[in-house]
Amino acid sequence: MVVFSTLIVTFGMFEQQPYMKGFVFWIIWIIKNCAVIGSLGIPILLGMHSQSLKGKNKIVVIILSLVWIIMMIVNLFSTQIFTTQGSLYLIKNIGSGLVSYLALMLFGPIISQYLRSLGLVKLRKITGGMVIIYFVSYLTFGTKWMGVFNGPTIILLMGLFLIGIWISVDPVIQRLRYSILAPGTGVLLLISIVASWMNTNVVAYDPHHGLTTTVHYLDGISFNQPLLVAVSIMIMVLVQRLSKKSRDLSPASTGLLGINFLLMMYPQVFATGLSFLIKPAVNWNPIVTFGVLLILTVIFNSLMFALIQLLLKFVKVKKVAKTQWLALFKKVTIGLWRTWLFIVIAWIMTVISMWQLWGWKLNMIQWVVLHRELIIFINVLMIYLVFAILMSIFNRYWWASIATLTSYAIWLLVNVVKIASRNEPVLPVDTSMVTSLSSINDLLKLVSTMAIGGAVAIMIIMIVIAGLVQHFDDVIRWGRTKRIIMLLISVVLLGSFSVANHPDTIVAKGLSAAKDKPYFYSQLRAAKLNGTVLQFANNIDVTVMKQPVGYSKKAMLDLQKKYQGQAQQINKTRQHDDMKNQTVVFALSESFADPADVPNLKVNGDPIPYIHELEKSTTSGKMISSGYGGGTANMEYQALTSLSMTNFSPTLPTPYSQLVPYQDQTFAISDMFDYRVAIHPFTANLYNRKQVYSKLGFDKFYHLQDGDKLSYTAKIQNSPYISDASAYSQTLKEITDHSGSQFINLVTMQNHMPFDNYYEKTDYSVSGTAYLDAEHKKNIENYIQGIHYTDDALKEFNQQLDEVKKPVTVVWYGDHLPGIYNGDSMHQYGLQLHATDYLIYGNQASSAHNVKLAKHQVVSPNDFAAMLLKQMSVKVSPYYALLTKVYEDLPAMSLNPFDGASNNTANGSSIMVDDNQHLVSKLNKKQKQLLHDYQLVQYDLTAGKGYLAQHGFMSH
């Protein structure tokens, strides 16, 4: 039943069924519930037959442990399951079940022998007590307490094992009336299945991705549902009542049960091996699919059973059976108390440090401990690996352990200091600051003299303590072989972080499975979730850009000459030498995209009539965004620098945080102006904007909290965000208050998610299949109401600009679509869901007024600067001559929008799009050369030697 159910999940049959309709839906629902009940019955079965397990199944534990390791590795290379993530409920929450199963096979006979020796009365009391503990823990903590991977708890499984022992020895069970027990079990089974369905409707709402109907069905079923537990117990009682002869469990049988647990954890093994059947199965009749799955179940179980028996024949079972497992257990627990002490202290330090990052909030540390246990484990493991390296080198346990923990404490304190001063944890780039005395002196200024003295005193005290303890307890020494092996393992594991951001590596997949959240755009947020050690490691694997073929000083100087000539040709038709007395505004409109362009969505009415009218008279069209529902700063970076995300390495998802702060020299369109202002009516903590704007040479940065204060902060009705009208008023104030050349970078916030009931009414209703539920329909209508207010605000802003007597040119664009269209498949509609609107227009005093460029339908954000200069008829440098050719002769370029559209994670592949919004698969010879030139220049400016910057490539 378990294998059959796992196959159903793998094949994704459930997704074929409409919402709450069809006989097949209920069949699948019952099968999956029965699989859960069957899984819960396994520890009861072990308890019932615990006496027969003694000595026979220890080799099976070793075999299953090895298979587990193999399946973990295979899982990292397996294909994706063709179902929604919610349908993995049966599999992904089974980790503690497998751990408990292996433990009960090893130590169950010892526990059983002891409990049986206590007598029936005490056994009944102990079993009843465990049942009470389970119900109390369930009511108090739900499914989380004492669980591994949030699955069936250890307390629950131990209780079921005890119940199994009780069932096998209590004579009252034998006297139960079969006529009452059988129908009672059937009725309870039906009730538990209905209760499971009702539980699935208690779900959380994710504003970025939402929930599909299949997730409603699948994600809420719990192994800890009391009714399911009760049904599994009653079924096993029924089995005991009907059994006329006691049967022992063979090693092969227990091995097969263990294989079931493994398959529930890793259905990707099925998906990989059966991928040739999974895709065509979508079009099969459900009865045919059931038949195929039944046949596969029988074949698989038969093969596994035969394989286990074959392995047992090749292994000396008797020798393993004689192993004193209890003595071995004592050796790895009590005997290794020093190691466990180190791990416990490191764990406590890690938890306390994360608690401090969350401002000592009790509910947050409770969440971290219960939900981020694997992340805490990785932090502790990394600390232990540092200890292992020191131990391998010096072979002095207390010296190595105390030195490691003291260093860890200092590390955590340094992070506290840096976060307090810079709102950012320690990063790999900071290590460069300790290479010079001046940098060290700057760091020391952040800390008081008393704190430095205290730290030095603590270090001296710890050295003395380490020496004393080592002197009196010098019993732990590693042999030469162990030292070499531990050193190699530690170096390899720590060194593996050098490829942690390469998407296809085992390390990256393993960290992803552990729910590592790098959040490069907000390092402090990531440190709160990952711990400072892991977050530091997350930033090690950052390669800015792969070196293009042919990169050299000569090649770059040749490019300079080539595009100097191009610039001379372009400038023959340009009117203005520079940006003297010009004002340019780059206005990023948060989440703005025309809802009329969204597939399968019908909007009643036109919420943006002014923008539609303006598009007729000026340069406008679609910008292909590299994000969906997020990634604002990446579009802003590309617009300002004219560099493309598609050229960067996959390990550089967020240039604002990972590149710009560490560049010796930066280049942007703002460099052409004498005065530069940034406006963002929100916090400046995200995307490292304070440091980025400083690097880019901005004179002022208006935002909330501190820094330059905003003059306009009005909001619309119940919205928590400052309105676009206020943002445009702030921009207009800067325009009128300053004379001379001026550049303004505006990033609005009004239409930022979530899209709750911020507005008193919504004037535009929607229909269609672009959303899956009423909640998302409401969100879309609220969002559309917001962009209608944007349309009104932009109209008023432009009318006021026309009254300004100096030339003002605006590049206005939406950064990405809102992540609320959960009914549209990204794999099918990825391009449409990444196309936002843009405008380039000038006021009546601007030479860009009523100008419409020839190529404008589909562009990339890195095209904006070249387009601006062309529309304003401003002469170009060799750099912007190259960018003009890129804009004119290459299709729009973007990260692949069909791969799930993750933001702030490792970049995937890239695409090119023509003016008809069609994918371009091939470039001609000239286009390939132009793209290569562009990549060479981008590499030189960001990761290379900077030859072009030294030879005037960026200036006229």
Atom pair CD1/CG of Ile378 and Leu493 - distance to nearest 0.5 Å: 11.0 Å
Main-chain N/O of Leu188 paired with Ser192 side-chain donor or acceptor, under 3.5 Å: yes
Asp170 side-chain N/O to Trp166 backbone N/O, donor-acceptor pair under 3.5 Å: no
Close side-chain approach of Thr254 to Leu64, heavy-atom, < 4.5 Å: no
Shortest non-hydrogen contact between Val169 and Leu120, atoms and distance: CG2-CD1, 4.2 Å
For Ile365 against Met354, the heavy-atom pair lying closest together: CD1-C, 4.4 Å
Any side-chain heavy-atom pair of Val239 and Leu45 under 4.5 Å: no
For the student: nearest non-hydrogen atoms of Leu772 and Asn822, plus distance: N-OD1, 3.2 Å
Check: Leu123 and Arg116 side chains under 4.5 Å, non-hydrogen atoms: no
Met304 and Val67, any side-chain heavy atoms less than 4.5 Å apart: no
Intermediate values then yes/no, side-chain contact (heavy atoms from CB on, under 4.5 Å), Ile44 and Ile235: CA-CA 10 Å; Ile44 303 176; Ile235 289 175; over 6 Å; no
Which atom of Ser168 lies closest to which atom of Met48, heavy atoms considered: CB-O, 3.6 Å
Chi angles and distances behind the side-chain contact (heavy atoms from CB on, under 4.5 Å) call for Leu228, Ser232: CA-CA 6 Å; Leu228 289 175; Ser232 65; over 6 Å; no
Plane angle bin for Trp367 and Trp358 - parallel if under 30°, tilted between 30 and 60°, otherwise perpendicular: perpendicular
Minimum-distance pair of heavy atoms, taken over all atoms of Ile167 and Val237: CD1-CG2, 3.7 Å
Trp355 (side chain) donor-acceptor with Lys361 (main chain) under 3.5 angstrom: yes
Ile259 side chain near Leu307 side chain, heavy-atom distance below 4.5 Å: no
CG on Leu511 to CG on Asn530, rounded to 0.5 Å: 9.0 Å
From CD1 (Ile233) to CG (Leu238), nearest 0.5 Å: 13.5 Å
Short side-chain to backbone donor-acceptor contact, Asp516 and Ile375, under 3.5 Å: no
Worked check of side-chain contact (heavy atoms from CB on, under 4.5 Å) between Leu118 and Leu115: CA-CA 5 Å; Leu118 296 177; Leu115 291 173; 4.1 Å; yes
From CG (Leu104) to CD1 (Ile110), nearest 0.5 Å: 11.5 Å
Sub-4.5 Å side-chain heavy-atom contact between Trp347 and Phe377: no
Donor-acceptor contact present, side-chain Asn379 to main-chain Thr350, <3.5 Å: no
Heavy-atom check, side chain of Leu102 versus side chain of Trp68, under 4.5 Å: yes
Derivation and outcome, side-chain contact (heavy atoms from CB on, under 4.5 Å), residues Ile111 and Phe161: CA-CA 10 Å; Ile111 297 171; Phe161 178 76; 4.3 Å; yes
Shortest non-hydrogen contact from Phe305 toward Ser253: CE1-N, 4.0 Å
Gap between atom CG of Leu341 and atom CH2 of Trp337 - 0.5 Å precision: 6.5 Å
Check: Leu181 main-chain N/O paired with Thr185 side-chain donor or acceptor under 3.5 Å: yes
Value rounded to 0.5 Å, distance of CG in Leu310 from CG in Leu303: 12.0 Å
Under 3.5 Å donor-acceptor, Arg372 side chain and Lys515 backbone: yes
